Each structure stands twice: as C-alpha cells, then as structure tokens.
Amino acid sequence: MTTATLPPGPPSPRFLQGLFSLLAPMRGMRRMRDRYGDAFSVNVPVFGRATVISAPAQVRQLFTAAPDVVENVEPNLGRVLGPGSLFALTGAEHRKQRKLLVPPFHGRRLAAYEEIIEEEAVREMASWPQDQAFATLPSMMRITLNAILRAVFGAEGAEFARLRTLLPSAVALGSRLAVLPLPKVDLGRWSPWGRFWIARREYDAIVEKLISKAEQDDLDRRDDVLALLLQSRYEDGSRMSHGEIADQLLTLLVAGHETTATTLAWAVERLRRRPDLLGELVAENDAGGHALREATILEVQRTRPVIDLVGRKVTADVFDLGPWVLPKGSTVLVGISLIHDDESIFPNPRAFDPHRFLDAKPDLHQWIPFGGGTRRCVGAAFATMEMNVTLRTLLRDFTLVPTAERDERWHSRGVANAPAKGGLAVVRRRRSPASPPATVTAEARP
C-alpha cells in the first residue's frame, strides 16, 4: 500500500486558516510559500485539506495528467451553472461537450464578433463623463455582457433585453454561492439560494423561447453560438438537448462576462499609473500597431489575475506530483498569483512591464489566467480578442488621464478579484468614435 506524502503546512485549525485566507488571501499565500516552499498544505473551509503548488514543473504535471487521474475540483461553478455545464461534466462527457463548444470561439468565427464588440464599446463609452473620475468596471460589465449576449444569441429582442437585466444580479449572486453548501430546503425569495434558483428558472424559460425561435429560422445564415450549437452533432449523430444547450450557454455568458470586464478595469487602473507606457500605447494605436497592446493585456493578466486559484481533485488511487504522493480524493490548488509573482520565471515580477512579452509569448504552464490543460477556458481566444478590441477603442477615442494615486486594492467579488474602486478613470474625448475598425482576430492569441 502506497503511503501518502504531503508537503508541510501550517498546523493551525481550519477555522483560523480560513479566517486568514479570507482577510489576507494574497499576502497569506505568499507568506506560506516563503516559509514552506513551492508546495504546501492548507486546511481551509470549502476545500478542506488541500495541496497548493506553484512550481512550473508540478503545474505542468497537473495540467497534463489524464482525466482518470485528476478531474475538476469540487465544489465548482457547476452547481450554479447546471449539470450540463463544462464545469460540472467529467471524463468522456466533458470531452464530448467541449468538442462542440470550441469551434464557435476560434478561427474565422471570431471575426464575426469583432464588429459587435466595437459597437458595444463605442455605445457604452459615449456616455462616459469627461474630466470627471468614474469607475470603469460597471461600463466594462455592460460592454462584455452585451457583446457576449449578441455573440451567443444573435439579434436583439424582448428576451435579449430581459437577459441583459436578469444576468448581472444572478451572476453576482451565483459567484458568491458557488462554493457554499447547497441547502436542503428551497426557501424561495427568503434565501440567497432560493433567489438564485428563481432567476435560473426564468433564464431557462427565456432560453427555451430563443431555442424555439431559432429552430424555425434559417440557421445556415446565422453566426451566433446558439445557431451553431443547434446545428452541431455528437459523434453518434445525436443533438444536444435543450437543457444541455441552456447550461452551456449560461457557462459561456458567465465565463465570458465578469472576468473579462474585470481585467479591462484592471487595465485602466494599471495604465493610469504608467504615463510613459500609456504614451507608447497611444502612439502605437494611432499608427495601426498592436504588439504592445497585446503584451499589455498579457501583463495585466499576469500582475492582476482575476481568478487566483485553479484546482483539480485526485481521482486515481494515488497521484505522484513531484516529490509528493497524494491519495485519492486530494484537492490540488494552483496558486496563480504565486506563479505569476515568481522571480525565477518573471524577473522583477512586481513591476508592471508589458515589454517582457513583446518578444516572448507566455508559457501556458507559467502564465495561467485562463487555467490549463483540458479545462483551460474554452473562450480564452474570444476573451483576448474582446479585451484587445475594447482597449483599442478606448485608446483611439479617449485620452486616459494619468494619476499619481496609490494602486487600487484587490476586492473580492466572490469568484473574481476586482479593483476596489472599480478601476477609476478620468478621460477626455479625442475624436469621433466613427473611426474605421481594424481587424484584430489574428492578433488576439495568448
């Protein structure tokens, strides 16, 4: 019988470790790495006993492990996105569904969404006040939500309008409930879970109407994700059920909305504190370039990762991870901030320096804002392109006024970490937003 060998960790009770991780998540993780090394054990609420890793070799080993060795961590967003979502599925079912969801977010399909994103960015930014500080996060939320809704469902309508109202509050509530225990009784509006389930039932009803309308349409003439999923087939020739489609579309709406918007708000926060870089970006943008802008997006995601942990659960009898032997049922968490903040990987890691990515694309086992392996975010290319188009539009149409204020603190929104003041900006309009767009699809690859 193989004996488990776990890395060292703090001996304090779960309650105290949980309180520390809640009050000082970033600082606490760094302190434990400094004390125990690249791998350490923790005992925290929700995940229980877990191994936290940040050594690139071990991260690579985890992400390349077969699904019958490690699977998605529990609990995860599947409990709020539905049993048919990619987060909830495992093994062959996960591979089968993922295969159908990849095509809508790659290659020529991305080009069909670029104009949508720019239209939404121009529409939202038209309301921005000049010479007056305001939080950009709400605006970025509206841009990304409207863009993903249009990309997923196509033309606007009454159902679209209702989803635009329903989803923000449901997403915010769901992100906080995702790791909490499921109640045994549905108390309706008297409990957070009850309110979420009411919103979920309304979402399902709206999507069912949209599916029924789409099935009566000429799907070959549509580029939206819903149309593509209705036309897709499994290897045996069968179709996705309406319930599976609803779960997967909600997954895309949630995953492609809040995290992307939050990264854009962080981009504003970072750039206002680097006037030299901001000047370079504006000059490049005006000349039709893109390399530094793309590198800036990579660096924002490195220095301000919206999601700080990505996890797996050991499903084999044992899993040899570096020098450690983890038993079945073990939780493994990758510390994204820890690996992004590693001096041996990214020299002078606390400096915000996009130039580090100008001549070198990131190693996807060291730069991991989208997760990794078979569970890397299926919409990563779409999100990258969306950030690229939105930032390009901002730099083209507005002067972003620099600031000498202190960095905005990290603020947890449940799943995502956002700038505490919402990415404050002061802007001045440069030119008419009617300038012709430039294609970025080919550029938008991490």
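What you see is a predicted model, and the numbers here were worked out from it, not measured in a lab.
Ala39 approaches Pro7 most closely through the heavy-atom pair O-CB, 3.6 Å. For the pair Thr136 and Gly423, the tightest heavy-atom approach, listed with the atom from each and the gap, is OG1-O, 2.7 Å.
For the side-chain hydrogen bond (donor to acceptor under 3.5 Å, both in side chains) test, no residue two or more places apart in sequence or in another chain qualifies with Asp68. By the side-chain hydrogen bond (donor to acceptor under 3.5 Å, both in side chains) test, Asn72 is found to be paired with no residue, residues two or more places apart in sequence or in another chain being considered. By the ring-ring contact (aromatic ring centres under 6.0 Å, His included) test, Tyr113 pairs with Phe382, sequence neighbours left out. By the salt bridge (Lys or Arg N to Asp or Glu O under 4.0 Å) test, Arg302 pairs with Glu299, sequence neighbours left out. Applying the salt bridge (Lys or Arg N to Asp or Glu O under 4.0 Å) criterion to Lys209, with sequence neighbours excluded, gives no partner residue. By the ring-ring contact (aromatic ring centres under 6.0 Å, His included) test, Phe134 is found to be paired with Trp128, residues two or more places apart in sequence or in another chain being considered. Residues passing the side-chain hydrogen bond (donor to acceptor under 3.5 Å, both in side chains) test with Tyr234, sequence neighbours excluded: Gln97, Glu244. Remark: Glu115 pairs with no residue by the salt bridge (Lys or Arg N to Asp or Glu O under 4.0 Å) rule, at least two apart or across chains. The salt bridge (Lys or Arg N to Asp or Glu O under 4.0 Å) check on Glu202 picks up Arg162, with sequence neighbours excluded.
Counting only distance, with no hydrogens or angles, the side chain of Gln248 and the backbone of Gly243 share no donor-acceptor pair below 3.5 Å. Checking side-chain atoms of Glu386 against main-chain N and O of Ile117 turns up no donor-acceptor pair under 3.5 Å. Ser54 places a side-chain N or O within 3.5 Å of a backbone atom of Asp38 that can act as its donor or acceptor partner. No donor-acceptor pair closer than 3.5 Å links the side chain of Thr260 to the backbone N or O of His257. In this structure, the side chain of Arg222 does not engage the main chain of Asp220 through any donor-acceptor pair within 3.5 Å.
No hydrogens or angles considered: a donor-acceptor pair under 3.5 Å links the side chains of Glu124 and Ser139. Checking Asn285 against Arg293 by side-chain atom types alone, a donor-acceptor pair falls below 3.5 Å.
Ring geometry for Trp367 versus Phe370: interplanar angle over 60°, hence perpendicular rather than tilted (30 to 60°). Ring geometry, Trp410 versus Trp266: the interplanar angle falls from 30° to 60°, so the pair is classed tilted.
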Output side-chain donor-acceptor pairs under 3.5 Å for residues 324-331, partner residues at least two apart or in another chain, one line each.
{"residue": "Ser330", "atom": "OG", "partner": "Pro327", "partner atom": "O", "Å": "2.7"}

Checklist entry - Is there a salt bridge (Lys or Arg N to Asp or Glu O under 4.0 Å) between Arg200 and Asp204 once you walk through the steps? => result CA-CA 6 Å; Arg200 177 60 205 256; Asp204 288 336; 3.0 Å; yes
Next on the checklist: Apply salt bridge (Lys or Arg N to Asp or Glu O under 4.0 Å) to residues Glu71 and Arg375 and explain how you reach the verdict.
Outcome noted: CA-CA 9 Å; Glu71 258 297 353; Arg375 289 190 172 275; 3.0 Å; yes
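Summarising the local packing, CZ of Arg189 is surrounded by 12 or fewer heavy atoms from other residues, nucleotides or ligands at distances under 6.0 Å.
Looking at Lys421 and Glu269, no side-chain N of the basic residue comes within less than 4.0 Å of a carboxylate O on the acidic one, giving no salt bridge. In summary, Asp407 and Arg270 engage in a salt bridge, as defined by a charged side-chain N under 4.0 Å from a carboxylate O.
Between the CD atom of Glu215 and the CD atom of Gln231 there is a distance of 11.5 Å, given to the nearest 0.5 Å. Atom OH of Tyr203 is separated from atom CG of Leu163 by 7.5 Å, given to the nearest 0.5 angstrom.
Under the salt bridge (Lys or Arg N to Asp or Glu O under 4.0 Å) criterion, the residue pairs touching residues 330-342 are Arg30-Asp341, Arg33-Asp341, Asp341-Arg350, with sequence neighbours excluded. Every pair passing salt bridge (Lys or Arg N to Asp or Glu O under 4.0 Å) that includes a residue from residues 94-105 is listed here, sequence neighbours excluded: Glu93-Lys96, Lys99-Glu235.
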